[in-house]
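The residues of the chain are indexed from 1 along the displayed sequence.
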Amino acid sequence: MGAAGSKLEKALGDQFPEGERYFGLENFGNTCYCNSVLQALYFCVPFREQLIEYYSNNKNPADAEENLLTCLADLFLQISSQKRKTGVLAPKRFVQRLKKQNEIFRSYMHQDAHEFLNYLLNELVDILEKEARAAKSDQENSLKVANGPTTISSNGLIKEPVVTWVHKNFQGILTNETRCLRCETVTARDETFLDLSLDIEQNSSITSCLKNFSSTETLNAEDKFFCDKCCSLQEAQKRMKIKRPPQILVIHLKRFKYIEQLGRYKKLSYRVVFPLELKLNNTVEDADAEYSLFAVVVHVGSGPNHGHYVSLVKSHNHWLFFDDENVEIIDESAVQTFFGSAQEYSSNTDHGYILFYERLDAGRSNTS
């Protein structure tokens, strides 16, 4: 990327952000699904900083077991500590570890970027939770040794959930409310999420997709709800609401749909407008959670089983286009070209697939 790198440096000139690094990632045959997501996560600044901090504090080469978390941290540290401002790196160690751990990603077939993101975040959470529990167990054992027998252990009670820094960035809470239409009792069940998968419609927007996600559904006929108060199956109304929005809101647009008549998945090239600034209006705990778009993973291609992934990233008020080894600066208005196609048959096959929004809190923003 020598020429492209110097071109990018030239384009940014004096505006090249102090200490920032813009590196393309080498593609190992079919790893664009991985590269596009890694770039989006790298420019999720709070996540990047916490990952590198975690790695610095826990780096013990003598007995450290290599896992996806250490490989990811090592890659991010490698990028951020480069002497050059631009260039290309090969995420070989990370990709080898990924393939070793999950056979889905071993083949040379086209992989799904959302499936990869989901797997990666859940794997990081698992590793951090295990480490936190092991540390707590060691602490309790040393207390027992020091103080003799004690009731400090959990006595078989359900373990308290561990809240990791991955949770603090990406986890939100949904509440599933079901209202019995006979006795009016509302049953609410909370569930956590690391990303939201939204159904899409032609010529729609993220706001309307979120409204549909939270719309009321009537449960009747064969789908009746068992009401504990009535002790029987009853007609009910059900709705899903965002109870607590996350710091980083990841939205996955369901662009691949199984079509019964075709007997296969089809890509929906629908035009779905995603704004640079997003307001969540229907949340329970925060009436006006506001977000700013900082990354988009784009699927390029007309079908689900082939194609390519690229990513758009906002860094220090500049938008950058990452296509494996190539990185270039783009105009903010160019983001709109990835909304999708207004007509079903269009030559434009570059469609926004995963959106990354950061919550706008006072005094803290990724895009400053």
Side-chain angles (χ1 to χ4, degrees), residues 114-115 117-118 121-122 125 129 157-164 166-202 204-258 268 270 272-275 277-293 353-361:
H114 176 247
E115 197 174 338
L117 173 66
N118 226 292
L121 290 181
N122 281 298
V125 162
E129 284 179 343
L157 295 173
I158 295 167
K159 287 175 183 165
E160 278 183 45
V162 177
V163 179
T164 70
V166 176
H167 289 121
K168 284 174 184 169
N169 280 304
F170 294 101
Q171 185 173 276
I173 298 175
L174 293 170
T175 188
N176 203 333
E177 292 181 350
T178 311
R179 183 167 63 92
C180 172
L181 293 178
R182 184 181 173 207
C183 70
E184 296 292 317
T185 301
V186 175
T187 309
R189 196 184 79 244
D190 288 354
E191 57 185 84
T192 59
F193 68 93
L194 295 175
D195 69 289
L196 284 182
S197 286
L198 300 182
D199 288 307
I200 60 172
E201 291 173 355
Q202 179 57 291
S204 60
S205 67
I206 291 299
T207 311
S208 63
C209 293
L210 283 164
K211 257 191 198 130
N212 290 342
F213 179 78
S214 294
S215 60
T216 303
E217 178 192 346
T218 302
L219 304 175
N220 52 24
E222 290 172 9
D223 295 325
K224 280 183 181 174
F225 166 73
F226 186 86
C227 174
D228 289 337
K229 198 169 181 186
C230 300
C231 293
S232 58
L233 289 167
Q234 295 295 334
E235 288 196 353
Q237 283 187 330
K238 179 181 152 189
R239 67 176 298 197
M240 185 84 89
K241 289 198 282 192
I242 297 171
K243 183 175 180 179
R244 189 185 303 154
Q247 281 300 328
I248 306 295
L249 175 64
V250 180
I251 295 175
H252 159 236
L253 302 180
K254 293 185 184 175
R255 286 208 176 269
F256 303 116
K257 188 180 180 183
Y258 188 78
L268 306 176
Y270 298 161
V272 181
V273 173
F274 44 89
E277 305 293 324
L278 176 70
K279 213 177 221 177
L280 289 187
N281 299 316
N282 55 348
T283 63
V284 181
E285 288 184 5
D286 305 83
D288 54 352
E290 288 187 52
Y291 288 85
S292 179
L293 184 72
Y353 183 46
I354 312 171
L355 313 172
F356 292 77
Y357 282 93
E358 183 176 18
R359 191 155 179 183
L360 291 173
D361 285 347

For this session: Assess whether side-chain contact (heavy atoms from CB on, under 4.5 Å) is satisfied between Thr185 and Thr178, documenting all intermediate values.
Result: CA-CA 8 Å; Thr185 301; Thr178 311; over 6 Å; no

Exercise. How far apart are the C-alpha atoms of Tyr357 and Leu280, what are their side-chain angles, what is the distance that settles it, and do they pass the side-chain contact (heavy atoms from CB on, under 4.5 Å) test?
Worked result: CA-CA 11 Å; Tyr357 282 93; Leu280 289 187; over 6 Å; no

For this session: Could you walk me through whether Leu181 and Gln234 pass side-chain contact (heavy atoms from CB on, under 4.5 Å), step by step?
Result: CA-CA 7 Å; Leu181 293 178; Gln234 295 295 334; over 6 Å; no

For this session: Show the numbers, then the answer: is there a side-chain contact (heavy atoms from CB on, under 4.5 Å) between Ile354 and Val250?
Result: CA-CA 7 Å; Ile354 312 171; Val250 180; 3.6 Å; yes

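One distance of note links CZ of Phe193 with CG of Leu249; it measures 6.5 Å at 0.5 Å rounding. Separation of atoms CD (Glu290) and CD (Glu277) is listed at 7.5 Å; rounding is to 0.5 Å. If you take NZ on Lys238 and OG1 on Thr187, they are separated by 12.0 Å, rounding to the nearest 0.5 Å. The distance from atom CZ of Arg359 to atom CG of Asn169, rounded to the nearest 0.5 Å, is 13.0 Å. The CG atom of Leu196 sits 10.5 Å away from the NZ atom of Lys254 when rounded to the nearest 0.5 Å. Here the NZ-OH distance, from Lys257 to Tyr270, works out to 6.0 Å after rounding to the nearest 0.5 Å.
Across all non-hydrogen atoms, the minimal contact from Pro246 to Gln171 is CB-O, 3.4 Å. Taking every heavy atom of both residues into account, Phe225 and Ala236 meet most closely at CB-CB, 3.7 Å. Annotation for Pro245 and Tyr291: closest pair CB-OH, 3.0 Å, computed over non-hydrogen atoms.
Here the options are Asp195, Leu355, Leu198, Leu117, the test is side chain to side chain contact (heavy atoms under 4.5 Å, CB included), and the partner is His252; only Asp195 passes. A side chain to side chain contact (heavy atoms under 4.5 Å, CB included) with Cys209 is found for one member of Ile251, Asp199, Val272 and no other, namely Val272. For the pairing with Lys243, the side-chain hydrogen bond (donor to acceptor under 3.5 Å, both in side chains) check across Thr175, Asp190, Asn176 returns one residue only, Asp190.
Ring planes of His114 and Tyr353: perpendicular class, angle over 60° (limits at 30 and 60°).
Two residues are said to be in side-chain contact when any heavy atoms from C-beta on lie closer than 4.5 Å; Pro275 and Leu293 fail this criterion. Glu235 is listed as a side-chain neighbour of Lys224, based on a closest heavy-atom distance under 4.5 Å.
Side-chain atoms of Ser214 come within 3.5 Å of backbone atoms of Met240 as a donor-acceptor pair (strictly under, hydrogens ignored). No donor-acceptor distance shorter than 3.5 angstrom exists from the side chain of Asp223 to the backbone of Leu219, with no hydrogens or angles considered.
Residue-environment remark: CD (Glu201) stays at or below the threshold of 12 foreign heavy atoms within 6.0 Å.
A salt bridge links Arg179 and Glu184; the closest N-O separation between the charged side-chain nitrogens and carboxylate oxygens is under 4.0 Å.
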